[in-house]
Amino acid sequence: MSSTPKANDLEALQSLMAAVQRGSVDDLRRASTAFASGASTIAEIRDERGRRCAHTAAARGNVAIINALVSELGCDADARDDEGFTPLMTAASMGATDAVRAFIVLGADAKARTSSHRCARQRE
């Protein structure tokens, strides 16, 4: 992921994403401390498609990571990627029902929609 992190964020960013992908909340919390210096904020980090940490956690279906990202680290449960998809939509598309429930409990908009032409492109 890379949302224009400052140069000194690269190692911290790699550590953060590794924690999200591994599903370790303790590692996620440790990695997040590197961002406390005001470099980039975790909520702003995006990959080349505009997906944020919450999208990655949604795709993996890890409820503990989702809860930590949104409740503790300030990630937006309704953040949209470049295609207009929210983490909730990502979790639903992956069949991650526990993650879907978690996003709804965390306040994600269950009625959010993306334009139909983008949805059609995703199915191709």
Side-chain angles (χ1 to χ4, degrees):
M1 296 207 134
S2 73
S3 120
T4 329
K6 296 180 181 171
N8 60 348
D9 286 350
L10 184 56
E11 186 175 315
L13 180 58
Q14 290 169 336
S15 177
L16 178 77
M17 289 312 301
V20 170
Q21 292 171 347
R22 276 193 313 272
S24 168
V25 174
D26 289 336
D27 287 350
L28 175 67
R29 288 180 182 132
R30 271 192 295 281
S32 72
T33 62
F35 292 87
S37 64
S40 293
T41 65
I42 292 170
E44 296 171 342
I45 297 169
R46 303 169 184 242
D47 70 8
E48 66 280 353
R49 292 185 180 163
R51 293 174 299 213
R52 300 173 193 217
C53 293
H55 288 92
T56 301
R60 296 192 172 282
N62 189 311
V63 173
I65 293 290
I66 291 166
N67 284 324
L69 286 169
V70 176
S71 297
E72 297 176 31
L73 302 175
C75 291
D76 183 359
D78 288 321
R80 293 190 178 260
D81 65 14
D82 291 348
E83 294 291 322
F85 290 89
T86 66
L88 173 60
M89 293 173 193
T90 300
S93 72
M94 300 300 288
T97 56
D98 290 340
V100 168
R101 281 189 212 95
F103 278 111
I104 292 171
V105 167
L106 290 165
D109 182 0
K111 294 182 180 180
R113 295 180 181 255
T114 188
S115 68
S116 60
H117 76 277
R118 287 184 176 147
C119 289
R121 255 194 331 203
Q122 288 294 321
R123 284 180 256 157
E124 295 178 329

Residues which pass side chain to side chain contact (heavy atoms under 4.5 Å, CB included) with V70, listed by chain and number, not counting sequence neighbours: A77, F103, L106
Within one Ile-Leu-Val-Met-Phe-Trp-Tyr cluster: L69 and V25, side-chain cutoff 4.5 Å: yes
Interatomic distance, E83 atom CD to M89 atom CE [nearest 0.5 angstrom]: 12.0 Å
Main-chain N/O of D109 paired with D78 side-chain donor or acceptor, under 3.5 Å: yes
Minimum heavy-atom distance between I42 and C53, given as atom pair plus value: CG2-SG, 4.2 Å
Summary of salt bridge (charged side-chain N to carboxylate O under 4.0 Å, His left out) pairs that have at least one residue in residues 85-95, sequence neighbours excluded: none
For V63, the rest of its hydrophobic cluster, which grows through side-chain links under 4.5 angstrom: none
Test item: H55 side-chain N/O and G50 main-chain N/O as donor-acceptor pair under 3.5 Å: no
Under 3.5 Å donor-acceptor, T90 side chain and T86 backbone: yes
Cluster check L88, I65: I/L/V/M/F/W/Y, side chain < 4.5 angstrom: no
By side chain to side chain contact (heavy atoms under 4.5 Å, CB included) - contacts of A31 (at least two apart): S15, L16
For D98, side chain to side chain donor-acceptor pair (under 3.5 Å) partners two or more places apart: R101
Gap separating the SG atom of C75 from the CD atom of E44, nearest 0.5 angstrom: 10.5 Å
Residue pairs involving residues 59-71 (criterion side chain to side chain donor-acceptor pair (under 3.5 Å); sequence neighbours excluded): none
Any residue meeting salt bridge (charged side-chain N to carboxylate O under 4.0 Å, His left out) with D76, in chain and number order, not counting sequence neighbours: none
Inter- and intrachain pairs under salt bridge (charged side-chain N to carboxylate O under 4.0 Å, His left out), touching residues 19-30, at least two apart: R22-D27, D26-R29, D27-R30, R29-E72
L73 side chain reached by L28 side chain, heavy atoms, under 4.5 Å: yes
Heavy-atom check, side chain of P87 versus side chain of I66, under 4.5 Å: no
